[in-house]
2 protein chains.
Amino acid sequence: MTDRESGAGTGEGASDAEGVDVVLAALADPTRRHLLDLLAAQGEVTATTLAERLPVTRQAVVKHLAVLDAAGLVGGRRVGREVRYEVRPAALDATARWMVALAADWDRRLARIKRVAEAAEAAEREE
Amino acid sequence: MTDRESGAGTGEGASDAEGVDVVLAALADPTRRHLLDLLAAQGEVTATTLAERLPVTRQAVVKHLAVLDAAGLVGGRRVGREVRYEVRPAALDATARWMVALAADWDRRLARIKRVAEAAEAAEREE
DNA sequence: GATCAGTGCAACTCCAGGGTTGCACGTCCC
DNA sequence: GGGACGTGCAACCCTGGAGTTGCACTGATC
């Protein structure tokens, strides 16, 4: 998987191959994706509030948010005693572009293989 | 994460929320991504050949291929005693579209929040 | 100041999954 | 036919990570 083929380099978190790795790993967990949905819908939310809406403890939520933060998918801002988290689209944008480019690469390769196979088949028919 | 917002429904594997789940989980492992790279580069490859190019056993490769197959990212075809695997772009295409749509959704939501905040700020300045 | 609320640190549990090894069966080739 | 090769089944190991609980500190409110 040639991660350098993507346009990733303009955002945070998924700026290189390691960034895409980290984002994909972060997105692989269903609880984390649910967290991202809640954050995107509500703007800024604390871990405690998020935990009220999920069937896991606050501590589990904080652990997941740490993974998401490390991946650049969310950011936290302290307001007094509260830490308010929000989504950050840059890493997701970059990973989406990387995946689109990869899918296009696969499509191109398969189309080329198909053309070669059809040419070989046509050559066989002429013999 | 509103998986139903994507255009996923026209391909295999990532046809619904469960499909995106499975693809993301499949892509989260670095060994599997390396496998996908090798398959995409070479067209059709056996598990044994793949294992020669990776620092893991053939059995590990087969396990990973099973995950990729279940996600719709690869398919296997038996030729005599061999099973030849190749990438299938549809599930990756669908997941890429889903992610692009999600990133756009996040961008839109953040832009709206920013506009609301700026309007509130302007209203405060007029008092 | 006392109480409540949000947070952070840390220890703990447990199991899924990434990986290995062993062995048997079917296919291929000389 | 026999040996080499590719495969599939299955048992096994172990660790990372998803989740829990306990406790202390700080900020907010009355």
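Only a predicted model underlies this, so the values are computations on that prediction, with no experimental measurement involved. Note on naming: letters A, B, ... go to the chains in the order of the sequence lines (proteins, then strands), and numbering restarts at 1 for each one.
In terms of the salt bridge (Lys or Arg N to Asp or Glu O under 4.0 Å) criterion, residue partners of A:E82 (sequence neighbours excluded) are, by chain and number, A:R84. When the salt bridge (Lys or Arg N to Asp or Glu O under 4.0 Å) test is applied to A:R77, the partners found at least two apart in sequence or on another chain are A:E44.
Note that CD of A:E86 is 6.5 Å distant from CG of B:L110, once rounded to the nearest 0.5 Å.
Taking a 4.5 Å side-chain heavy-atom cut-off between Ile, Leu, Val, Met, Phe, Trp and Tyr, the cluster of B:V100 extends to A:V100.
Taking the side chain as every heavy atom from C-beta outward, A:L39 and A:L50 approach each other to under 4.5 Å.
In this structure, the CD atom of B:E52 is 10 Å from the P atom of D:dT7, given to the nearest Å. Between A:R32 atom CZ and D:dG16 atom P there is a gap of 16 Å when expressed in whole angstrom units. The distance between atom OH of B:Y85 and atom P of D:dG6, rounded to the nearest whole Å, is 14 Å. Computed from coordinates, the A:L54 CG to D:dT20 P distance equals 11 Å when rounded to whole Å.
Residue A:M99 forms a side chain to side chain contact (heavy atoms under 4.5 Å, CB included) with just one option from B:V23, B:D93, B:T95, and that option is B:T95. Remark: of the listed residues A:T31, A:L27, A:L92, A:L27 is the sole one forming a side chain to side chain contact (heavy atoms under 4.5 Å, CB included) with A:L36.
Within 4.0 Å of A:V62, counting heavy atoms only, lies no atom of the nucleic acid at all. Residue-level contact check: B:V67 touches neither bases nor backbone, having no heavy atom under 4.0 Å from any strand.
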Does the protein touch nucleotides 19-30 of chain C at the base, only the backbone, or not at all? Give it as B, S and - per nucleotide, heavy atoms under 4.0 Å.
BBB----BBS--
Please list, one pair per line, the donor and acceptor atoms closer than 3.5 Å that link side chains of residues 55-70 of chain A to other protein atoms, with sequence neighbours excluded.
from	atom 1	to	atom 2	distance (Å)
A:T57	OG1	A:A60	N	3.2
A:H64	ND1	A:R32	NH1	3.0

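Note that the two end axes of the helix from C:dG1-D:dC30 to C:dC30-D:dG1 enclose an angle of 30°, each drawn from 5 base pairs, rounded to 10 degrees.
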